[in-house]
Student: 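Dumping the structure here so I can ask a few things about it.
Remember, it's 1-based here, ligands and their atoms both numbered in the order they're listed.
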Amino acid sequence: MLRKPVVLITGASGEIGHGLITSLAAAGDRPIITLDLKLLEPDLGSLVHQHYSGSILDQDLLDSIVSEYEVDLIFHLAALLSTRSEFTPMTAHRVNVEGTMRLLEFAQKQGESHGRPVVFLYPSSIAAYGLPDLETKAAAGRVGENEWTKPTTMYGCNKLYCEHMGRYYAKRYKQLAPETLSGKVDFRALRFPGLISAVTVPSGGTSDYAPEMLHAAAQGTSYACFVRPDTRIPFMAMPDGVEAALRLAAAPRSALQHTVYNVGAFNPSAEEFRALVTEAFPGADVSFRPDVKRQGIVDTWPADVDDSAARADWGYAPQYDLTRAFWEYLVPTIRRRYQQ
Ligand code: SER
């Protein structure tokens, strides 16, 4: 029996997976296969062809997917985020690096067996950057992909290394073998800023203060923000994050001059974000109680990113600036969510 061409999403029950499954199902190009430690929420589960509950480190599970399906597109979303990874660096390395290596190997095997390159969409992060101090951060402004790539967190190290590993699989895999084996994995990475969703809340990240503040205010609970009011990093509304992943995955290979692309949309300070939150939810009780150590991480991330390569090569064009994100997406959707 012929295997069926499908798209595979790992970490599918996380924040990005939520929007991605919905968009991919609406497009209807290929059946969706998902893999996550957790079950999918029922409304998402009904959109996918098959969900595998388990770990990306489970080789038998990956092998059973290879034997049943012809995967030609992978969104490898499974990861431990930056705060969580600091508490368990070895586990972070296993999941973030070894897990990615297994998925790259999986993609390689798939590509070898069906003969077409497997598009491998990898969400990297602003955590791949590491600015040494606030003066440098202020002077650096919009950081380009090749500047300041000295990450200070386990997660950032993992993400940066996996970008390199993806490039290796795409261009140099087993380069000393007599036959050419590279080119089976068509690796494409996005360096996401903090993502803000109206329908899910993040867990274990260090950019979480913005979405946490918003979701707390919408629910009428108080929130103590763990970074200083002047803290500034780039953010993006989740629909633009999902659209960016889909667009980069669909871009013609010949248009892509780079392996890794910055994407950004807006970069309010925590205080500017708080002002909007309290305007939208007037009784909101938001205070600032910086956690020196988590602050230390955010201070090494750029205040803004230069995403001109993404705009030029594959037409990245976020729909939501801060004002639109707030008033046309976040606030109305969150209101509906918590009124239910
Ligand atoms: N949102 C991520 C984190 O905070 C950064 O990419 O870990």
Side-chain angles (χ1 to χ4, degrees), residues 10-11 13-20 75-89 91-93 95-97 99-100 121-131 137 143 145 148-163 189-215 225-228 231-242 244-245 248 260-268 270 273 290-291 293-305 307 310 318 325 330:
T10 71
S13 80
E15 282 207 286
I16 302 175
H18 208 274
L20 190 62
F75 293 88
H76 174 44
L77 310 180
L80 256 59
L81 293 183
S82 57
T83 290
R84 174 95 39 88
S85 295
E86 288 310 304
F87 291 102
T88 53
T91 308
H93 189 274
V95 174
N96 296 348
V97 176
T100 300
L121 200 290
Y122 182 66
S124 186
S125 162
I126 43 165
Y129 296 108
L131 291 130
K137 172 167 168 159
V143 168
E145 283 89 348
W148 303 110
T149 45
K150 283 197 177 170
T152 62
T153 59
M154 186 63 186
Y155 171 76
C157 294
N158 294 164
K159 287 288 178 186
L160 187 61
Y161 174 63
C162 287
E163 292 177 1
L190 280 170
R191 282 204 194 132
F192 276 125
L195 291 167
I196 312 179
S197 170
V199 292
T200 55
V201 267
S203 64
T206 319
S207 59
D208 295 5
Y209 60 91
E212 280 175 2
M213 189 189 294
L214 179 66
H215 282 263
C225 179
F226 60 79
V227 295
R228 290 186 315 268
T231 304
R232 194 182 293 278
I233 56 167
F235 283 99
M236 181 190 279
M238 187 60 84
D240 278 331
V242 168
L248 177 56
V260 177
Y261 290 93
N262 277 342
V263 282
F266 44 83
N267 66 335
F273 198 81
D291 170 325
K293 294 188 169 169
R294 287 179 99 187
Q295 178 77 56
I297 291 177
V298 184
D299 284 345
T300 70
W301 292 351
D304 203 358
V305 287
D307 57 14
L330 293 169

Student: So among Asp299, Asp208, Thr83, which one has a side chain to side chain donor-acceptor pair (under 3.5 Å) with Arg294?
Tutor: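 Of Asp299, Asp208, Thr83, side chain to side chain donor-acceptor pair (under 3.5 Å) with Arg294 is met by Thr83 alone.
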
Student: Backbone, side chain, both or neither: what part of Ser207 comes under 4.0 angstrom of ligand 1, heavy atoms only?
Tutor: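 For Ser207, backbone and side-chain atoms both sit under 4.0 Å from ligand 1.
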
Student: Just jot down the ligand 1 atoms closer than 4.0 angstrom to any heavy atom of Tyr155, in number order.
Tutor: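 Every atom of ligand 1 under 4.0 Å from some heavy atom of Tyr155: 5 (C), 6 (O), 7 (O).
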
Student: Checking a contact table here: which protein heavy atom is nearest atom 4 (O) of ligand 1, and how many Å away?
Tutor: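 Nearest protein contact, heavy atoms only, for atom 4 (O) of ligand 1 is Thr206 N, 2.5 Å.
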
Student: Identify which of Ser203, Gly204, Ser125, Gly194 has a heavy atom lying nearest to atom 6 (O) of ligand 1.
Tutor: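 Closest candidate by heavy-atom distance is Ser125.
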
Student: For the pair Leu20 and Leu77, evaluate side-chain contact (heavy atoms from CB on, under 4.5 Å) and give the outcome as yes or no after the intermediate values.
Tutor: CA-CA 10 Å; Leu20 190 62; Leu77 310 180; 4.0 Å; yes

Student: Any carboxylate oxygen within less than 4.0 angstrom of a Lys/Arg side-chain nitrogen, looking at Glu163 and Arg191?
Tutor: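 Yes, charged N to carboxylate O under 4.0 Å.
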
Student: To the nearest 0.5 angstrom, please state how far the CG atom of Leu160 sits from the NZ atom of Lys150.
Tutor: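 The NZ atom of Lys150 is 11.5 Å from CG of Leu160, to the nearest 0.5 Å.
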
Student: Evaluate the ring planes of Phe235 and Phe266, with Trp represented by its six-membered ring, and classify them as parallel (under 30°), tilted (30 to 60°) or perpendicular (over 60°).
Tutor: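 Plane angle under 30°, so parallel.
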
Student: Considering distance alone, does some N or O of Ser82 sit under 3.5 Å from an N or O of ligand 1?
Tutor: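 N/O-N/O distance below 3.5 Å exists for this pair.
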
Student: For ligand 1, indicate whether the residue Tyr209 contacts it via side chain, backbone, both or neither (heavy-atom separation under 4.0 Å).
Tutor: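 None of Tyr209 does.
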
